[in-house]
Amino acid sequence: MIQVEHLTKEYKRVIRREGFLGSVRTLFSAQYETIPAVNDISFRIDEGELVGYIGPNGAGKSTSIKMLCGILVPTSGRIEVNGLIPHKERMKNTRQIGAVFGQKTQLWWDVPVIESLRLFRDIYKVPEAQYKHNLNLFNDLLDLHEFQNTPVRQLSLGQRLRADMAAALLHNPRLLFLDEPMIGVDVVAKERLRNFIQEINRDQKVTILLTTHDMVDIEKVCSRIMIIDHGHIVYDGSLAQIRNQYGKQRKLVVEFEEAVPDFSEPNAALVKSEGRKKWFAFNRFETSPSTLIANISSRYPILDLAVEEPEIEEIVRTIYQGKPGNARENGT
Amino acid sequence: MKVFLAFARQSFHSIAIYRFDFWLRVSTVLILMYSIRWVWVALYTQRPGAFGASLEQMITYGVLSMAIENLFYSFGVQYYMSQQVRSGAIDVDLLKPLDFHFHMLARNTGQMLFRLFIMILPAILCGYLFFGLRPPATPLAGFQFALALFIGYLVGFHLEFLLGSIALVTLDIHSIDWAFNALLRFFSGQLVPIWLFPGPLGTLASLLPFRALFATPLSIYTGLLNGEAIINAVGLQLFWLAALVLLSRWFWNRIQARIISQGG
């Protein structure tokens with residue numbers, strides 16, 4: 001579906017000179033600096049996949065999505081989207097993809113939602129039967145009828161994103177790009193959009209590439225994640241794999257029968273202590289939880305205990321901070 | 001064609017929102033029609049026969065030129081382009097399976113059709129009823145007027161489209177647009193018919209594309225142009241239209257290439 005090879009995008013920016021004379025000089029001879037936004041990335045997405053694309057701000061997510069949409073030309077490298085080269089065949093490519101940008105709406109600001117959708121129908125030449133069918137589907141899944149006669153500028157953010165999703169899918173694209181589609185949306189609306197994304201992926205076999213900052217989105221929705229940082233893809237694989245690979249550390253939470261003084265075990269560090277509860281961090285490849293529990297229970301009587309998996313958010317944070325170390329040796 | 005009508009339908013939905021704008025435009029046009037009529041009456045009382053047309057023809061020319069004002073001055077495509085590029089929303093336009101130039105033409109024409117029915121035709125009707133506007137010289141002249149007016153609209157659109165494109169390079173739309181409107185009002189013959197311009201100024205006005213908007217259709221309507229003169233005038237309109245279409249597409253393609261290589 002999508003094939004990307006050694007894709008690079010550099011932006012040219014004018015270097016600003018300081019002061020008035022500097023500005024005048026810039027008018028006549030500008031100096032440029034090149035800023036790499038995406039640096040030699042390669043990946044492949046197959047039909048029907050639902051891929052989470054994550055990375056800190058400025059990592060190159062939006063730049064890559066724009067290139068896949070054909071509205072940005074790569075500096076070098078190759079992109080193929082369902083057999084087309086997006087920036088060379090922009091108009092043809094836009095017919096086979098749908099896109100939602102959380103920060104920008106595709107709808108017309110002043111007119112009711114339903115009018116915007118009608119215009120989409122005319123622009124994409126959607127047959128009437130398909131239009132009606134899709135509209136019914138969106139009514140079921142997104143409750144579009146609740147606000148279809150409201151002008152877009154009066155919609156709440158959650159409603160606007162639902163309307164944008166409907167507009168992006170009206171022409172039955174095989175591929176959907178979602179660039180932070182849930183930014184700033186409340187918990188309930190988020191849950192709803194997540195379910196919708198999963199449903200269209202599962203039932204209509206739409207291939208989806210989703211960027212987000214919310215790890216809950218990733219955990220609930222995606223089967224695969226790609227992490228980009230400073231223009232490089234630093235991880236590409238399944239969620240389970242990232243846990244195995246990067247999540248060496250586990251935490252043992254112990255609740256004692258009565259308050260006990262702080263102590264630490266040879267293979268486990270005390271990381272937190274609160275009332276009768278204590279948290280011990282240990283490396284699951286070096287220490288087994290059962291040994292650890294046996295050791296602790298020989299010191300003090302235990303009331304309750306639990307082993308905590310590392311949060312995906314924590315793992316991603318360590319990757320962003322450039323400390324992928326403690327797992328790299330396990331191989332990629 | 002369907003896309004053009006779809007955009008026109010959208011404009012009808014905006015009317016409820018921009019009621020103030022609508023009434024302001026309508027009342028301005030009525031005041032302008034009233035004023036231009038009395039200006040010509042006053043001038044003809046002072047100097048009858050000095051203007052190369054009868055008073056009735058001149059009143060018809062003047063009142064009609066005000067009635068069709070909203071066909072051309074719409075704060076249209078040039079402002080839209082500048083706003084989309086500045087806000088980065090141009091991405092969303094390029095995401096649609098439409099050629100940008102065609103998209104803008106459809107959008108603008110849709111809005112024009114809307115204004116035609118809601119503002120211009122009623123204004124023309126008021127002109128007949130209250131301001132001394134006469135029917136076209138002949139039925140044929142009426143038909144030729146409509147055709148020339150439509151070509152004039154297309155010339156006007158492309159001038160604005162080019163203006164919008166230039167404004168993307170200079171990053172300033174307001175001063176350019178102000179200068180453009182001033183030149184347009186003068187050289188299009190909207191306020192003063194261009195046959196009254198002296199020597200070189202008259203030659204300049206007849207060569208510039210602006211006359212395609214007002215002077216050509218209005219002169220046909222009032223019967224001031226006949227036979228071969230009509231063919232020449234419409235030919236010149238078509239020449240300018242072709243030149244502006246080519247120029248617009250060439251210029252825009254360069255700008256679009258810059259937008260999609262620089263990321264807006």
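Quick note on labels: first sequence line is chain A, next is B, and so on, each numbered from 1.
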(message) Out of Asp93(B), Leu95(B), Leu5(B), return the one with the most heavy atom pairs under 4.5 angstrom to chain A.
(response) Leu95(B)
(message) Looking only at heavy atoms and a cut-off of under 4.5 Å, which of Met67(A), Gln103(A), Arg153(A), Glu10(A) has the most pairs with chain B?
(response) Arg153(A)
(request) Please report the closest heavy-atom contact between Gln106(A) and Ala168(A), naming both atoms and the distance. (result) NE2-CB, 4.3 Å
(message) Please output the residues of residues 108-125 of chain A in contact with chain B, using a heavy-atom cutoff of under 4.5 Å, in numerical order.
(response) Trp108(A), Asp110(A), Val111(A), Pro112(A), Glu115(A), Ser116(A), Arg118(A), Leu119(A), Phe120(A), Arg121(A), Asp122(A), Ile123(A), Tyr124(A)
(message) Sort by residue number and list every residue of residues 77-101 of chain A having at least one heavy atom under 4.5 Å from chain B.
(response) Arg90(A), Met91(A), Thr94(A), Arg95(A), Ile97(A), Ala99(A), Phe101(A)
(message) We want to know whether Asp40(A) and Thr8(A) form a side-chain donor-acceptor pair, criterion being a heavy-atom distance below 3.5 angstrom.
(response) no
(message) Are there residues of residues 129-138 of chain A whose heavy atoms fall under 4.5 Å of chain B's heavy atoms? If so, which?
(response) none
(message) Taking the side chain as everything from C-beta on, heavy atoms only, tell me whether Leu71(B) gets closer than 4.5 Å to Met112(B).
(response) yes
(request) Verify the distance criterion only: is there a donor paired with an acceptor across the side chains of Tyr79(B) and Asp177(B) at less than 3.5 Å? (result) yes
(message) Looking only at heavy atoms and a cut-off of under 4.5 Å, which of Pro97(B), Gly88(B), Ser87(B) has the most pairs with chain A?
(response) Pro97(B)
(request) State yes or no: are the ring centers of Phe187(B) and Phe214(B) separated by less than 6.0 Å? (result) no
(message) Looking at every non-hydrogen atom in both residues, tell me the closest pair between Pro181(A) and Leu193(A) and how far apart they are.
(response) O-CD1, 4.2 Å
(message) For Phe100(B) and Phe161(B), take the angle between the two ring planes, folded into 0 to 90°, and tell me which bin it lands in: parallel under 30, tilted 30 to 60, perpendicular over 60.
(response) tilted
(request) Return the minimal non-hydrogen interatomic distance between Phe145(B) and Pro217(B), and the atom names on each side. (result) CD1-O, 3.1 Å
(request) Identify whether NZ of Lys or CZ of Arg in Lys61(A) sits under 6.0 Å from the centre of the six-membered ring of Tyr53(A) and within 45° of that ring's axis. (result) no
(message) Could you tell me if the side chain of Glu160(B) sits less than 4.5 Å from the side chain of Phe180(B), heavy atoms only?
(response) yes
(message) Are Phe251(B) and His101(B) an aromatic pair, judged by ring center distance below 6.0 Å?
(response) no
(request) Can you sort out the partners of Arg249(B) under salt bridge (charged side-chain N to carboxylate O under 4.0 Å, His left out), two or more places apart, ordered by chain and number? (result) Asp99(B)
(request) Give the minimum heavy-atom separation between Leu133(B) and Ile124(B), together with the two atoms involved. (result) CD2-O, 3.6 Å
(message) Checking side-chain polar atoms at under 3.5 Å, does Asn70(B) have a donor or acceptor matched by the opposite partner on Arg115(B)?
(response) no
